[in-house]
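The structure under discussion appears below in the form of structure tokens.
Here is the naming used below: chain letters follow the sequence lines, and residue numbers restart at 1 for every chain.
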2 protein chains.
Amino acid sequence: MLSIGTMSRKTGTKVQTVRYYEQIGLLPEPGRSEGGQRRYTDDDLDRLAFIRHARQLGFSLDAIRELLALADNPRQPCANADSIAARQLRQVEKRIMRLQALRTELRRMIDECNGESIADCRVLEVLRDHSECLTEHEDIGA
Amino acid sequence: MLSIGTMSRKTGTKVQTVRYYEQIGLLPEPGRSEGGQRRYTDDDLDRLAFIRHARQLGFSLDAIRELLALADNPRQPCANADSIAARQLRQVEKRIMRLQALRTELRRMIDECNGESIADCRVLEVLRDHSECLTEHEDIGA
DNA sequence: CTTACAAGCTACAGCAGGTAGAGCTTCAAG
DNA sequence: CTTGAAGCTCTACCTGCTGTAGCTTGTAAG
């Protein structure tokens with residue numbers, strides 16, 4: 001039986017985060033010791049590792065919930081899991097494109113600045129003057 | 001004098017967000033009409049546009065606060081503004097690299113899946129089996 | 001067996017950066 | 001003068017945690 005601290009160490013998850021995952025129903029309520037401390041099984045550890053790994057790949061907790069549900073009954077075709085992953089891939093690709101556009105604009109802004117006085121700082125100017133903006137405003141996706 | 005709705009429309013900011021920016025001190029408290037509605041100047045509009053544009057470039061509200069402070073007294077050298085922008089650029093570059101690594105792993109995961117049954121779904125397998133993980137992590141296995 | 005202290009417990013607050021709704025008041029066109 | 005859009009304040013909620021306060025339990029040494 002594993003303590004919450006062991007779970008934490010083995011997966012690189014903060015103790016509070018483990019409790020948080022339980023609270024939101026990603027991890028099952030574990031057994032308890034005499035004194036009321038959580039005691040986990042190896043299956044719980046696997047599940048937590050799965051969650052953490054998916055988080056590292058950028059899956060949302062909701063997506064992870066879906067993936068866990070799929071993993072829990074292995075009789076269906078895996079097209080569902082694939083489509084969740086594909087959706088995630090598309091999101092990642094979109095974010096990359098967006099960030100690359102930002103990078104371009106930031107570089108341009110910085111390159112053009114001569115470092116003289118604030119009064120004619122190119123960086124501030126670009127921020128001020130929206131007509132120079134390359135990005136149309138829609139969403140500020142993170 | 002501009003209403004909050006006009007400010008909102010002209011900058012693509014939600015009305016609540018404009019009030020939020022005021023609340024956290026990014027926008028000054030505007031004048032009010034007889035009946036207590038906010039009335040903005042063109043300067044306020046410029047300031048809001050500046051904020052929104054910086055947000056679109058991914059600057060944090062704190063960074064924007066700094067940039068606004070710099071823009072407000074134009075007698076200093078603009079090295080400060082430059083360094084804020086450079087910091088932002090580094091962050092963006094880091095995020096791009098990270099997302100590219102994620103993209104690679106996601107693609108690999110999806111490509112390898114044959115779409116048969118959940119039981120041997122490659123996507124779930126990769127998530128389960130940490131030893132296949134490219135992103136380094138500590139002592140899960142041992 | 002006692003003591004010391006790390007580790008665990010619950011409960012709640014807070015972060016960024018907003019967004020949504022309730023329930024009311026004001027503005028402006030017709 | 002009416003009516004409906006737009007504005008107001010206040011509060012709660014979102015994601016994905018993280019931190020703190022104030023207590024209790026587990027465990028190893030002495």
- [ ] Quickly work out the A/I4 CD1 to D/dT25 P distance and round it to whole Å.
- [x] 16 Å
Open item on the list: Whether A/Y21 contacts D/dC17 is assessed here as follows: a side-chain N or O lying under 4.0 Å from the phosphate OP1 or OP2. Is that the case?
Closed with: yes
Task: Value in whole Å for how far the C1' atom of D/dG26 lies from CG of A/L2 - done: 16 Å
- [ ] Could you state the atom-to-atom distance from CZ of B/R19 to C1' of C/dG21 in whole Å?
- [x] 12 Å
Open item on the list: Does this structure show an ion pair linking B/R47 with B/D72, if we count only N-O contacts that are shorter than 4.0 Å?
Closed with: yes
Open item on the list: Once hydrogens and angles are ignored, does a donor-acceptor distance under 3.5 Å link the base of C/dA20 to the side chain of B/Q16?
Closed with: yes
Open item on the list: Could you tell me how far apart B/L26 (CG) and C/dG17 (P) are, to the nearest whole angstrom?
Closed with: 10 Å
Open item on the list: With a 4.0 Å limit, can you tell me whether B/R65 has a side-chain N or O closer than that to the phosphate oxygens OP1/OP2 of C/dG17?
Closed with: no
Task: Residue-phosphate contact under 4.0 Å: B/K14 side-chain N/O, C/dA20 OP1/OP2 - done: yes
Open item on the list: Are the side chains of B/R55 and B/R52 in contact, using a 4.5 Å heavy-atom criterion?
Closed with: yes
Open item on the list: For a quick test of reading the model, state the closest non-hydrogen atom pair linking A/E22 to A/R32 and the distance between them.
Closed with: OE2-NH2, 4.2 Å
Open item on the list: Expressed as a whole number of angstroms, how long is the span from B/L27:CG to C/dG18:C1'?
Closed with: 14 Å
- [ ] Indicate, with a heavy-atom threshold strictly under 4.0 Å, whether A/R55 touches base, sugar-phosphate, or nothing.
- [x] sugar-phosphate
TODO: Dump the intermediate steps for salt bridge (Lys or Arg N to Asp or Glu O under 4.0 Å) on B/R65 and B/D62, then the final yes or no.
DONE: CA-CA 5 Å; B/R65 216 184 291 275; B/D62 266 2; 3.7 Å; yes
Task: For B/D44 against B/P28, the heavy-atom pair lying closest together - done: OD1-CG, 3.6 Å
TODO: By nearest nucleotide on DNA chain C, pick out whichever of B/D62 and A/S3 is the more 5' one.
DONE: A/S3
Open item on the list: Looking at A/R32, I'd like to know whether one of its side-chain N or O atoms comes within less than 4.0 Å of OP1 or OP2 on D/dT24.
Closed with: no
Task: Nearest-Å distance for atom pair CD/P, residues B/Q23 and D/dC10 - done: 10 Å
Task: Criterion side-chain contact (heavy atoms from CB on, under 4.5 Å) against A/Y40, the qualifying member of A/T6, A/L48, A/L45, A/L2 - done: A/L2
Open item on the list: By nearest heavy atom, map A/T17 and A/S33 onto DNA chain D; which one lands nearer the 5' end?
Closed with: A/T17
Open item on the list: At less than 4.0 Å, is any side-chain N or O atom of B/R9 found next to OP1 or OP2 of D/dA6? Yes or no.
Closed with: no
TODO: Grab the CD-P distance between B/E29 and D/dC8 for me, whole Å please.
DONE: 13 Å
TODO: Report yes if a side-chain nitrogen or oxygen of A/Y20 is closer than 4.0 Å to either non-bridging phosphate oxygen (OP1 or OP2) of D/dT15; otherwise report no.
DONE: no
Open item on the list: In this structure, how many angstroms lie between the P atom of D/dG16 and the CD1 atom of A/I51, rounded?
Closed with: 12 Å
- [ ] Give a yes/no on whether any side-chain N or O of B/R38 is located under 4.0 angstrom from OP1 or OP2 of D/dC8.
- [x] yes
Open item on the list: Whether B/R39 contacts D/dA6 is assessed here as follows: a side-chain N or O lying under 4.0 Å from the phosphate OP1 or OP2. Is that the case?
Closed with: no
TODO: Could you tell me whether A/F59 contacts a base, only the sugar-phosphate backbone, or nothing, with contacts defined as non-hydrogen atoms closer than 4.0 Å?
DONE: nothing
